[in-house]
Amino acid sequence: QEQLVESGGDLVQPGGSLRLSCVASGFNLAAYDIGWFRLAPGKEREGVSCISGAGKAIYYADSVKGRFTVFRDNHENTVYLHVNNLQPEDTGTYYCATDLTAPEEVPATAYAGDCFYGLDFWGKGTLVTVSS
């Protein structure tokens, strides 16, 4: 069965860093785009980053650009999100997601539109708490 499992969340002080992992099982992650989302109490779900199957197309939301880095190791069937200089507003549950109905037929090299659209197969999330 197909699964996405996030890990790496923790309680950190402002300015801290974490490496979040999204491990796929039951399917070949290399053929699929992955998006990272976060959800905090009282806030709308926010898409923070996307990465294409081969890692050539990458997107960051303005709120995290310059602080977060997304990358993948397809041999390990894993996508990572390295989150740096964390601030209290970064607190939330971080999810990875993909669209299992849309494997890439042609490798993407750039995102021309909303990279989060259609990414509806989710993991259970990993909690990041930024507090002093």
Side-chain angles (χ1 to χ4, degrees):
Q1 61 182 7
E2 299 91 353
Q3 288 187 338
L4 293 173
V5 179
E6 301 94 337
S7 63
D10 206 349
L11 171 65
V12 298
Q13 294 183 345
S17 298
L18 294 168
R19 188 180 301 273
L20 310 182
S21 299
C22 172
V23 180
S25 59
F27 68 103
N28 181 11
L29 191 62
Y32 296 88
D33 285 13
I34 287 289
W36 283 95
F37 300 82
R38 63 187 181 187
L39 181 64
K43 296 183 179 179
E44 293 272 308
R45 184 188 70 179
E46 179 184 15
V48 300
S49 186
C50 299
I51 185 167
S52 64
K56 300 297 177 61
I58 291 174
Y59 168 83
Y60 299 103
D62 288 343
S63 58
V64 306
K65 192 175 298 181
R67 298 189 297 120
F68 291 11
T69 302
V70 65
F71 57 101
R72 63 195 301 158
D73 184 345
N74 286 333
H75 294 293
E76 298 293 333
N77 232 27
T78 301
V79 172
Y80 300 93
L81 184 69
H82 188 51
V83 296
N84 298 312
N85 192 23
L86 288 164
Q87 302 301 311
E89 56 264 35
D90 295 314
T91 293
T93 301
Y94 284 70
Y95 301 86
C96 61
T98 192
D99 182 356
L100 291 178
T101 72
E104 291 184 347
E105 297 179 351
V106 178
T109 58
Y111 288 117
D114 181 6
C115 64
F116 301 103
Y117 183 79
L119 305 181
D120 58 2
F121 183 80
W122 301 79
K124 295 186 183 299
T126 186
L127 178 62
V128 173
T129 303
V130 186
S131 176
S132 58

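Residues Val128 and Leu20 are in side-chain contact: their nearest non-hydrogen atoms beyond the backbone lie under 4.5 Å apart. Residues Asp33 and Tyr111 form a side-chain contact, since some pair of their non-hydrogen atoms from C-beta on lies under 4.5 Å apart. Leu29 has its side chain within reach of Arg72: a pair of non-hydrogen atoms, C-beta onward, lies under 4.5 Å apart. You'll find the side chain of Leu18 reaches within 4.5 Å of the side chain of Leu86, heavy atoms only.
The backbone N or O of Phe27 sits less than 3.5 Å from a side-chain atom of Asn77, completing a donor-acceptor pair. Put simply, the side chain of Thr98 never gets that close to the backbone of Tyr32: no donor and acceptor are under 3.5 Å apart. With Asn84 contributing its side chain and Phe68 its backbone, the two residues share no donor-acceptor pair below 3.5 Å.
If you chain together ILVMFWY residues whose side-chain heavy atoms come under 4.5 Å of each other, Phe71 ends up grouped with Tyr80.
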Please list every donor-acceptor pair under 3.5 Å in which a side-chain atom of residues 48-64 meets a protein atom from a residue at least two apart or in another chain.
unit_1	atom_1	unit_2	atom_2	d
Ser49	OG	Tyr59	O	3.0
Ser52	OG	Lys56	N	3.3
Ser52	OG	Ala57	N	3.0
Tyr60	OH	Val70	N	2.9
Asp62	OD1	Lys65	NZ	3.3
Ser63	OG	Glu46	OE2	2.5

Counting only pairs under 3.5 Å, give me each side-chain donor-acceptor contact of residues 1-12, with atom names and distances, residues two or more places apart or in other chains.
unit_1	atom_1	unit_2	atom_2	d
Glu6	OE1	Lys124	N	3.0
Glu6	OE1	Gly125	N	2.8
Glu6	OE2	Cys96	N	2.8

For this session: Walk me through it: do Leu81 and Val83 pass the test side-chain contact (heavy atoms from CB on, under 4.5 Å)?
Result: CA-CA 6 Å; Leu81 184 69; Val83 296; 3.8 Å; yes

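Sequence neighbours left out, not one pair with a member in residues 19-32 passes salt bridge (charged side-chain N to carboxylate O under 4.0 Å, His left out). Residue pairs meeting the salt bridge (charged side-chain N to carboxylate O under 4.0 Å, His left out) criterion with at least one member in residues 75-91, sequence neighbours excluded, are Arg38-Asp90, Arg67-Asp90. Sorted by first and then second residue, the salt bridge (charged side-chain N to carboxylate O under 4.0 Å, His left out) pairs involving residues 97-120 (not counting sequence neighbours) form an empty list.
In this structure, Phe116 is a member of the same hydrophobic cluster as Leu39, with clusters built from ILVMFWY side-chain heavy atoms closer than 4.5 Å.
Heavy-atom minimum distance, Leu119 versus Cys115: CD1-O, 3.4 Å. Heavy atoms only, all atoms of each residue included: His82 and Ser17 are closest at CE1-CB, 4.2 Å.
Aromatic rings of Tyr94 and Phe37 (six-membered ring for Trp) have centroids beyond the 6.0 Å cut-off, not under it.
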